[in-house]
**Q** 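One structure is given below, represented as structure tokens, and several questions about it will come after.
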Amino acid sequence: MPYVNTKNKTEFSYDVKYRTSLCKDLHTKIESEQTVAGWIRTKRDHGGLLFLNLHDHTGLIQCVIDQQHELFLQCDKIPIESVVSISGKITERPTESLNDKLNSGHLELQISKIEILSKANSLPFALHQNDIGEEIRLRYRFLDLRREIMQKHIRLRSEVIHEIRTLMMNHQFLEIHTPILTASSPEGARDYVIPSRIHKGKFYALPQAPQQFKQLLMVSGIYRYFQIAPCFRDEDSRSDRVPGDFYQLDMEMSFATQEDVFNIMENVIHKVFFKFQPNMHIDDYPFKRISYKTAINEYATDKPDLRNPLKLYDITHLFTNDIPKIFESAVQTGKIYALPVPNLHLQTRKFLLDMQTFAQSLQAKGLGYIIFDEKVSGPLTNALSKNIVNHLQTIMKKVNTDMQYDTNKGGVLFIASENLQIVHRVASEVRQKVATELDLIKKNSYMFCWICDFPMYEWSEEKKGWEFSHNPFSMPYEGLQGLNKNPSEILAQQYDLVCNGYELTSGAIRNHSPDIMYKAFEIVGYTKNQVDKEFSGMINAFSYGAPPHGGSASGLERIIMLLAGTKNLREVIPFPLTQSGEDLMLDAPKELSKERQKELGITVTK
RNA sequence: GGGGGUGUAGCUCAGCACGGUUAGAGCGUUGGCUUGUCACGCCAGAGGCCGCGGGUUCAAGUCCCGUCGCUCCCGCCA
């Protein structure tokens, strides 16, 4: 019989062939005969008495059998992690052997029947271990996922997606799938590419994001669109960036302003975070808005961790004449940041030296500091003029006041002076490291901010020309007129949502006007013809009545990673690739047979 | 493409600076003992291409060169 019908419409009895109860329900079934099914996780043999812990997806039950029982030997021989179906009477444990650490610690099952459904070999690692190397975990991911923490992450991921769907649909968004086999787009990351069998020598690309499709949907008159969208980028990985595929909450709204997008996303993100981490501090909305320029000045990064109370000061302008030798090159080709840290003068000298070593590991030439104590000291003191030192002391005092330390108590002011390539990294990383070491990072908090007003263009030394600093489809402020400014001053209606130092969301109000698009692309060196050719779909569509629109895309795995409290994306991805883009379990990517190559019209060279 | 870390028993790791007995530990596993444990306990055993290739040396897990895997970072990521 292939299918067992349910008893009636309201009560489902599931899995009736292998079990009569799930572990979580056994406490309601004391003194009755039950059958449970699952994995034997642990086994304790006391000679005359044997305990087996059977786990299913809802919990566990201790099963017990006496030496006198005819099934004792069979039970004793079952390897752990074998899959079994066990029947017996559910009883209360004797009072002296209750276990209050377990939900079912007052119960046990007296084994009267056992069926081995699948015998397990001995495992490559123990499931209770939590220090297993990642390579072995990925090779045996199906076992790794059997571990409790990974089960939690998988469940969390499913529930977060469910919640997002509900919220988006409540906001009148339609969920719409867009193609996976599509065209390569010239700007942006490297594409994954699929050869076409029918059109030999031509290739599909996997979408880096459904960007063009979602904008086309706006032209189609879809009021609001969203999708839990798979995205593919062939770029090198980081701990918060995986190679291969990842997922975004992709959304787009017609007739929308930046504030409209902010309102929706703040509502959705806040609700999701609150639902899954109700006991954490979560910034109320509206979230803080910080211009890109301010972010760079105060945090030296466009994704500041606001749990960190320390702020940087760009003090380059203090050095206009009479520039100390050690700062000369930074003033000419970079910046000088100051990081005032209250109370730090109480730390040992080793702390300061360790920070210098840390800065050097980021390719800094060094890291200066001035100690404000009873007197002013530190290696830089003599190199700086009295005027400058006084100015820095004023900053230090102001910071002490602002952070509610006693004004007269001292501190240490770090100084990072490097060329532009390095100074932002050094300043932002030192800010974070100092705060971490001093335990200044606010605990149990999700702190959000929008970074807005990104520059539309940035100068490329390589190309000796301007290029888009982010999304080429963003609308510049003041539209066509805005593009007449010096490219370095043109700001885009482009924004990122940042949480605890992670970029969660990135979006923009889009450019829906062909005229403005031609002009925007002209600045990076595209002719009208080139734009018509490379973006024919979009340009063409926008000439048939395109509503103003904008939206955003949020990294789903990053949201889940933050909710799960891990620092690595792979922990919340069921089957991630390794850093070099390999699947260690199924052995991808693989070589292609000569026949397949021929069929696809490709030749492989090495 | 570049830099750092790492690779020794099924798993987690010690040993390497300063080359020299038979390469160790904990967990797991196998066998034995054990009637109230819950990561049970006790006793005994098996288990090693010291990532791979080359070199130096009387002698290499240890030193040198190359190479590969995993990982973190830079570049890259509209």
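Quick caveat, the model's predicted, so the values are computed rather than measured.
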**Q** Measure across D453(A) and S291(A) and return the closest heavy-atom pair with its distance rounded to 0.1 Å.
**A**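 Distance-wise, the nearest heavy atoms are OD2-CB, 4.2 Å.
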**Q** Between P on C74(B) and CZ on F358(A), what's the gap in Å once rounded to a whole number?
**A**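 My rounded result for the distance is 11 Å.
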**Q** Between which residue ranges does RNA chain B form stems of three or more consecutive Watson-Crick or G-U wobble pairs, both distances under 3.5 Å?
**A**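 The stems are B:1-7 with B:68-74, B:10-13 with B:24-27, B:29-33 with B:41-45, B:51-55 with B:63-67.
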**Q** G15(B) and G26(B): how far apart are their C1' atoms, nearest whole angstrom?
**A**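 Taking atom C1' in both G15(B) and G26(B), they lie 15 Å apart.
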**Q** Find the distance F125(A):CZ to U12(B):P and express it as a whole number of Å.
**A**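 Whole-Å distance recorded here is 9 Å.
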**Q** Check this for me, if you would: do E478(A) and K485(A) make a salt bridge, where the nitrogen-to-carboxylate-oxygen distance has to be below 4.0 angstrom?
**A**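 Salt bridge flag = yes for K485(A) with E478(A).
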**Q** Is there a donor N/O on one and an acceptor N/O on the other, under 3.5 Å, for the side chain of D66(A) and the base of U35(B)?
**A**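 Present.
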**Q** NA contact type, Q363(A), heavy-atom cut-off 4.0 Å: base, sugar-phosphate, or nothing?
**A**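 Q363(A): no heavy atom of the nucleic acid under 4.0 Å.
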**Q** Give the table of side-chain donor-acceptor pairs shorter than 3.5 Å for residues 519-527 of chain A, with sequence neighbours excluded, one pair per line with atom names and distance.
**A**
from	atom 1	to	atom 2	distance (Å)
Y526(A)	OH	E187(A)	OE2	3.0
T527(A)	OG1	Q530(A)	N	3.1
T527(A)	OG1	Q530(A)	OE1	3.3

**Q** Output side-chain donor-acceptor pairs under 3.5 Å for residues 119-130 of chain A, partner residues at least two apart or in another chain, one line each.
**A**
from	atom 1	to	atom 2	distance (Å)
Q129(A)	OE1	A126(A)	N	3.2
Q129(A)	NE2	D131(A)	OD1	3.3

**Q** On a whole-Å scale, what distance lies between the P atoms belonging to G61(B) and U22(B)?
**A**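 After rounding to an integer number of Å, I get 12 Å for this pair.
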**Q** When the C1' atoms of A9(B) and G51(B) are considered, how many whole Å apart are they?
**A**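 A9(B) and G51(B) have their C1' atoms separated by 15 Å.
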**Q** Using the side-chain contact (heavy atoms from CB on, under 4.5 Å) definition, which of the options I560(A), I573(A), V572(A) pairs with H153(A)?
**A**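 Per the side-chain contact (heavy atoms from CB on, under 4.5 Å) rule, the option paired with H153(A) is V572(A), out of I560(A), I573(A), V572(A).
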**Q** Can you measure D496(A) atom CG to C77(B) atom P for me and round it to whole angstrom units?
**A**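 Taking CG of D496(A) and P of C77(B), I get 15 Å after rounding.
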**Q** Can you confirm whether F414(A) sits close enough to L367(A) that some side-chain heavy atom of one is under 4.5 Å from a side-chain heavy atom of the other?
**A**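 Touching, per the 4.5 Å side-chain cut-off.
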**Q** Have a look at D236(A) and say if it touches a base, only the backbone sugar-phosphate, or nothing, with a 4.0 Å heavy-atom cut-off.
**A**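 Base contact.
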**Q** Between atom CD in Q579(A) and atom P in C70(B), what is the gap in whole Å?
**A**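 In whole Å, C70(B) P lies 8 Å from Q579(A) CD.
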**Q** Between G48(B) and A14(B), how far apart are the C1' atoms? Round to whole Å, please.
**A**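 Roughly 15 Å separates the two C1' atoms.
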**Q** Is any side-chain N or O of R241(A) under 3.5 Å from a base N or O of C77(B), one able to act as donor and the other as acceptor?
**A**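 When only heavy-atom distances are counted, R241(A) does reach the base of C77(B) through a donor-acceptor pair under 3.5 Å.
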**Q** Provide the distance between the two C1' atoms, one in C68(B) and one in G53(B), to the nearest whole Å.
**A**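 Comparing C1' positions in C68(B) and G53(B) gives a spacing of 10 Å.
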**Q** Between E429(A) and G188(A), which is nearer to the 5' end of RNA chain B once each is assigned its nearest nucleotide?
**A**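 Whichever sits nearer the 5' end wins; that is E429(A).
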**Q** Is the shortest side-chain N/O distance from N568(A) to OP1 or OP2 of U71(B) below 4.0 Å?
**A**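 Answer is no, no contact under 4.0 Å.
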**Q** Less than 4.0 angstrom between a side-chain N/O of S239(A) and OP1 or OP2 of C73(B), yes or no?
**A**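 Checking S239(A) against C73(B): at least one side-chain N or O falls below 4.0 Å of OP1 or OP2.
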**Q** Residues two or more places apart in sequence or in another chain: which of them pass side chain to side chain contact (heavy atoms under 4.5 Å, CB included) with K533(A)?
**A**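 For K533(A), no residue satisfies side chain to side chain contact (heavy atoms under 4.5 Å, CB included) once neighbours in sequence are set aside.
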**Q** Using only modelled atom types and a 3.5 angstrom limit, is any donor from either the side chain of R139(A) or the base of G69(B) paired with an acceptor on the other?
**A**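 No such pair is found, so the answer is no.
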**Q** Need to verify one output field. Residue with the more 5' nearest nucleotide on RNA chain B, Q211(A) or S122(A)?
**A**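 Going by which nucleotide is closer to the 5' end, it is S122(A).
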**Q** When the distance from CD of E418(A) to P of C74(B) is rounded to whole Å, what number comes out?
**A**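 Computing the E418(A):CD to C74(B):P distance gives 16 Å.
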**Q** Which part of the nucleic acid, if any, lies within contact of A126(A), taking any heavy atom under 4.0 Å across all strands shown: a base, the sugar-phosphate backbone alone, or nothing?
**A**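 No contact.
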**Q** With a 4.0 Å limit, can you tell me whether R570(A) has a side-chain N or O closer than that to the phosphate oxygens OP1/OP2 of C72(B)?
**A**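 So the side-chain polar atoms of R570(A) do come within 4.0 Å of the phosphate oxygens OP1 or OP2 of C72(B), strictly under.
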**Q** Reading nucleotides 36-43 of chain B from the 5' end, what letters show protein touch, with B for base, S for backbone sugar-phosphate only, - for no heavy atom under 4.0 Å?
**A** BBBBB---
**Q** Nearest of G10(B), C77(B), C74(B) to any side-chain atom of E235(A)?
**A**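 Looking only at side-chain atoms, E235(A) lies closest to C77(B).
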**Q** If we only count heavy atoms from C-beta on, is the P207(A) to T178(A) side-chain gap below 4.5 Å?
**A**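 Counting from C-beta outward, P207(A) and T178(A) never come under 4.5 Å.
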**Q** Assign the ring pair W459(A) / W466(A) to parallel, tilted or perpendicular, where the plane angle (0 to 90°) is split at 30° and 60°.
**A**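 Rings of W459(A) and W466(A): perpendicular, as their planes differ by over 60°.
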**Q** What is the distance, rounded to the nearest whole Å, between atom CD1 of I80(A) and atom P of G10(B)?
**A**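 After rounding, the gap between these two atoms is 17 Å.
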**Q** Considering only the C1' atoms, how many Å lie between C65(B) and C70(B), rounded to the nearest integer?
**A**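 To the nearest whole Å, 22 Å.
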**Q** Taking the C1' atom in each of C43(B) and G4(B), what is the distance between them to the nearest angstrom?
**A**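 It comes out at 47 Å once rounded to the nearest Å.
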**Q** Nearest whole Å is fine: how far is C11(B) C1' from E135(A) CD?
**A**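 Rounded to the whole Å, the gap is 13 Å.
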**Q** Rounded to whole angstroms, how far apart are CZ on R141(A) and P on C70(B)?
**A**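 Result: 15 Å.
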**Q** Please check the phosphate of C70(B) (OP1 and OP2 only) for any side-chain N or O of S580(A) closer than 4.0 Å.
**A**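 Yes, because at least one side-chain N or O of S580(A) sits under 4.0 Å from OP1 or OP2 of C70(B).
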**Q** Is the closest basic N to carboxylate O distance between E418(A) and R425(A) below 4.0 Å?
**A**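 Judged by the 4.0 Å cut-off on N to carboxylate O distance, E418(A) and R425(A) do not form a salt bridge.
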**Q** Tell me, please, which residues at least two apart from Q34(A) pass side chain to side chain donor-acceptor pair (under 3.5 Å).
**A**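 Partners of Q34(A) by the side chain to side chain donor-acceptor pair (under 3.5 Å) criterion, ordered by chain and then number, come out as T20(A), S32(A).
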**Q** Under 6.0 Å between ring centres: does that hold for Y292(A) and F454(A)?
**A**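 They qualify: ring centres under 6.0 Å apart.
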**Q** Roughly how far apart, to the nearest Å, are G19(B) and G3(B) at atom P?
**A**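 These two P atoms come out 28 Å apart once rounded.
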